[in-house]
Amino acid sequence: RGPDPPASPIPRGGGARAPHNPGPPPGTLQLFRSQAQLDASQRDIAVLEEYGVPYQSLNADGCEEVEPALARVRGKVVGGLRLPGDETGDCFRFTQALADEARKLGVSFVFNCAIDEVEIAKGRAVAVRAGEQRFQADAIVCALGSYGTGFLRPLGIELPVYPVKGYSLTLPMTDAEGAPRSTVLDETYKVAITRFDERIRVGGMAELSGFNLALNPRRHDTLAMVVRDLFPQGGNLEQATFWAGLRPMTPDGTPLVGPSPIPGLWLNTGHGTLGWTMAAGSGQLLSDLISGNTPDISDEGLTLARYG
């Protein structure tokens, strides 16, 4: 769905949401602006049916039933593919709550600390050095996203991970009835529009520009055009926050989760656009591997070994 921005002046926790509010309805809706796109979705439907994934193939009226605000721009959408089992959430709130739970279990976090190197002793990773601090550990996990490549290169490890830049706009919602109810994916522009409490987030793009985090105004204009085209009364673009982030992509799209060539050093990176989607599963798999437990799934095809 695109990268998720850090905390911003607009409260990302959605302070306006009352505790009893169940939030947006589950599901994502992929919108097709042409009959050719709708016809091509049959290939996706075949895969969904093969694996028993619930779906709904909708005409234009069906899309308006799921997302009533689309009735205001009738004629721009010919149909859609809805996945009712999909859910949308705020990964910022999730990670904050997860950190709180981890602290209760005795985990210590050190923030705003530059990592200098991994210390190797007798061919094994034994500690991490950060300035004058030294953190010794039985297992060290490199989960630095796109930045893990440069960090591990001095150790002779070449990670096939490249930063793919994505952009987002976050704007305050001005008309709840004119905003998306959950998440809408525009197939034509490959842009996702998501409702977060009193905000609308528009994200997408895939730009190959290295580690350059400069904000490209052309990307801003595309995101603004899409949300204005589909939900013109939904939010205030004048107050939108523009952001860019780097997705850690591998050549085959599969993440790197498992051991590195150096004993004691483990990898958890390369998740691309699905970092949060795969986060809990990757953490569980890595925890089992490090602890010597039998994981629920095989790590075959997930490790660096697949690249030789």
Side-chain angles (χ1 to χ4, degrees), residues 1-6 91-92 95 109-121 123-131 133-168 190 203-216 219 243-287 289-290 299-308:
R1 305 291 187 265
D4 196 54
C91 68
F92 181 74
T95 50
F109 293 91
V110 179
F111 296 108
N112 301 314
C113 181
I115 305 169
D116 295 322
E117 63 175 348
V118 174
E119 182 181 320
I120 308 295
R124 182 180 181 85
V126 296
V128 173
R129 291 191 177 276
Q133 301 182 84
R134 180 178 184 271
F135 302 93
Q136 186 173 346
D138 297 323
I140 298 168
V141 179
C142 179
L144 298 174
S146 302
Y147 296 93
T149 303
F151 183 73
L152 294 182
R153 186 169 291 125
L155 299 178
I157 299 176
E158 287 291 338
L159 288 184
V161 174
Y162 189 85
V164 178
K165 191 175 182 181
Y167 293 85
S168 75
K190 301 296 188 293
M205 313 296 179
E207 184 176 284
L208 302 179
S209 55
F211 290 90
N212 174 18
L213 285 171
L215 296 174
N216 187 331
R219 310 302 185 193
W243 183 84
L246 304 177
R247 311 179 185 98
M249 302 289 294
T250 60
D252 57 9
T254 302
L256 290 165
V257 183
S260 79
I262 300 176
L265 180 61
W266 301 76
L267 304 176
N268 190 10
T269 186
H271 295 77
T273 62
L274 300 176
W276 187 26
T277 303
M278 298 184 182
S282 298
Q284 181 65 62
L285 173 61
L286 200 56
S287 174
L289 292 173
I290 293 174
D299 66 344
E300 183 178 358
L302 291 173
T303 71
L304 193 58
R306 72 178 185 267
Y307 293 106

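Quantities reported herein were computed from a predicted structural model and do not represent experimental measurements. Along the sequence shown, residues are numbered consecutively beginning with 1.
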Distance from [X] atom [atom1] to [Y] atom [atom2], nearest 0.5 Å?
| X | Y | atom1 | atom2 | value |
| --- | --- | --- | --- | --- |
| C142 | I157 | SG | CD1 | 8.0 Å |
| E119 | I140 | CD | CD1 | 8.5 Å |
| L152 | L144 | CG | CG | 7.0 Å |
| L155 | I120 | CG | CD1 | 5.0 Å |
| S146 | Y162 | OG | OH | 9.5 Å |

### Task
Please lay out, stage by stage, how V126 and R134 fare under the test side chain to side chain contact (heavy atoms under 4.5 Å, CB included).
CA-CA 10 Å; V126 296; R134 180 178 184 271; 4.3 Å; yes
### Summary
Between S282 and N268, the two heavy atoms sitting closest are CB-OD1, 3.6 Å
Is it true that a side-chain atom of [X] and a backbone atom of [Y] form a donor plus acceptor pair closer than 3.5 Å?
| X | Y | value |
| --- | --- | --- |
| R247 | T273 | no |
| T269 | G145 | yes |
| K165 | M205 | no |
| T95 | F92 | yes |

### Query
Step by step, would you call L208 with V164 a side chain to side chain contact (heavy atoms under 4.5 Å, CB included)?
CA-CA 5 Å; L208 302 179; V164 178; 3.7 Å; yes
### Query
Quick one: which of L256, L289, T254 gives a side-chain contact (heavy atoms from CB on, under 4.5 Å) with L302?
T254
### Message
Quick check on side-chain contact (heavy atoms from CB on, under 4.5 Å): which of P255, P251, P248 does V161 satisfy it with?
### Response
P248
### Query
Just checking, any donor-acceptor pair under 3.5 angstrom between side chains of E207 and Y167?
yes
### Message
Applying ring-ring contact (aromatic ring centres under 6.0 Å, His included), can you list everything that pairs with F211, at least two apart in sequence or on another chain?
### Response
Y147
